[in-house]
Amino acid sequence: MKIGIVGYGNLGRGVECAVKENPDTELVAVFTRRDPSKVKINTPNVPVLNVADAKDWVGKIDVMILCGGSATDLPTQTPEFAKMFNVIDSFDTHAKIPQHFANVDTAAKESGHVAIISVGWDPGLFSLARAYANAILPDGKDYTFW
């Protein structure tokens, strides 16, 4: 599976490490809003490009993983990229997930792409942990520490 990354902060670097650990995935490009010549990634021979160049990679990337922030980046980036690619994001502004879902779902359906939102610790893994715990301990009490 050919992977692209949009955003190379902590999350983007973590995605790059995860791709390296999975032999059925290949990082093919990293896209950034910063000056690409100043972004050094850990995977040799993978280009770092301006985010505006992503449109030139349509058909060359199977899944674009969006590593921007939930406050300002993902609400616009995810629907935009879902028009061109299958996408995954980590949107985590809980109160705005229904609206984000609706926006992304519309873009993905119109383009025939798959879009998966809110993948990460929370929502994501923490939500699954709560679901499993509630299935085992139905009278338990959820506690969140953040």
Joint hydrophobic cluster, Val114 plus Ile117, side-chain heavy atoms closer than 4.5 Å: no

For Arg33 against Val51, the heavy-atom pair lying closest together: CG-CG1, 3.8 Å

Parallel, tilted or perpendicular: ring planes of Phe91 versus His100, cut at 30 and 60 degrees: parallel

Main-chain N/O of Pro79 paired to Asn103 side chain as donor or acceptor, under 3.5 Å: no

Main-chain N/O of Leu49 paired to Asp53 side chain as donor or acceptor, under 3.5 Å: no

Lys55 and Met84, any side-chain heavy atoms less than 4.5 Å apart: yes

Val19 backbone acceptor or donor facing Thr25 side chain under 3.5 Å: yes

For the student: nearest non-hydrogen atoms of Ala108 and Ala115, plus distance: CB-CB, 3.8 Å

Minimum heavy-atom distance between Thr32 and Pro36, given as atom pair plus value: CG2-CA, 4.1 Å

Gap between atom CG of Asp89 and atom CG of Leu74 - 0.5 Å precision: 5.0 Å

Joint hydrophobic cluster, Leu11 plus Val48, side-chain heavy atoms closer than 4.5 Å: no

Among Arg34, Arg13, Glu16, the one residue meeting side-chain hydrogen bond (donor to acceptor under 3.5 Å, both in side chains) with Tyr8: Glu16

Closest heavy-atom pair and its distance - Ala135, Pro138: O-CD, 4.2 Å

Spatial distance of atom NZ (Lys60) from atom NZ (Lys2) [nearest 0.5 Å]: 11.5 Å

Path from Ile65 to Ile41 over hydrophobic side-chain contacts below 4.5 Å: yes

Distance (rounded to the nearest 0.5 Å) between Thr93 OG1 and Gln99 CD: 12.5 Å

Gap between atom NZ of Lys83 and atom NZ of Lys109 - 0.5 Å precision: 15.5 Å

Heavy-atom neighbours of Asp24 CG exceed 12 at 6.0 Å: yes

Side chain to side chain, Ile61 and Val28, heavy atoms closer than 4.5 Å: yes

Straight-line distance of Cys17 SG to Asn22 CG, nearest 0.5 Å: 11.5 Å

Criterion side chain to side chain contact (heavy atoms under 4.5 Å, CB included) on Ile5 and Cys67, from CA distance to verdict: CA-CA 7 Å; Ile5 296 174; Cys67 299; 3.9 Å; yes

Close side-chain approach of Met64 to Val6, heavy-atom, < 4.5 Å: yes

Taking every non-hydrogen atom, the tightest pair across Ser111 and His113: OG-ND1, 2.8 Å

Same cluster (ILVMFWY, side-chain, under 4.5 Å), Val46 and Val63: yes

Single-linkage hydrophobic cluster Val104~Ile97, side-chain heavy atoms < 4.5 angstrom: yes

Closest non-hydrogen atom pair between Lys20 and Thr43, with its separation: CE-OG1, 3.3 Å

Exam field: side chain Thr78 to backbone Val87, donor-acceptor pair closer than 3.5 Å: no

From Leu66 atom CG to Phe85 atom CZ, the distance as rounded to the nearest 0.5 Å: 9.5 Å

Side-chain heavy atoms of Phe31 within contact of Trp57, under 4.5 Å: yes

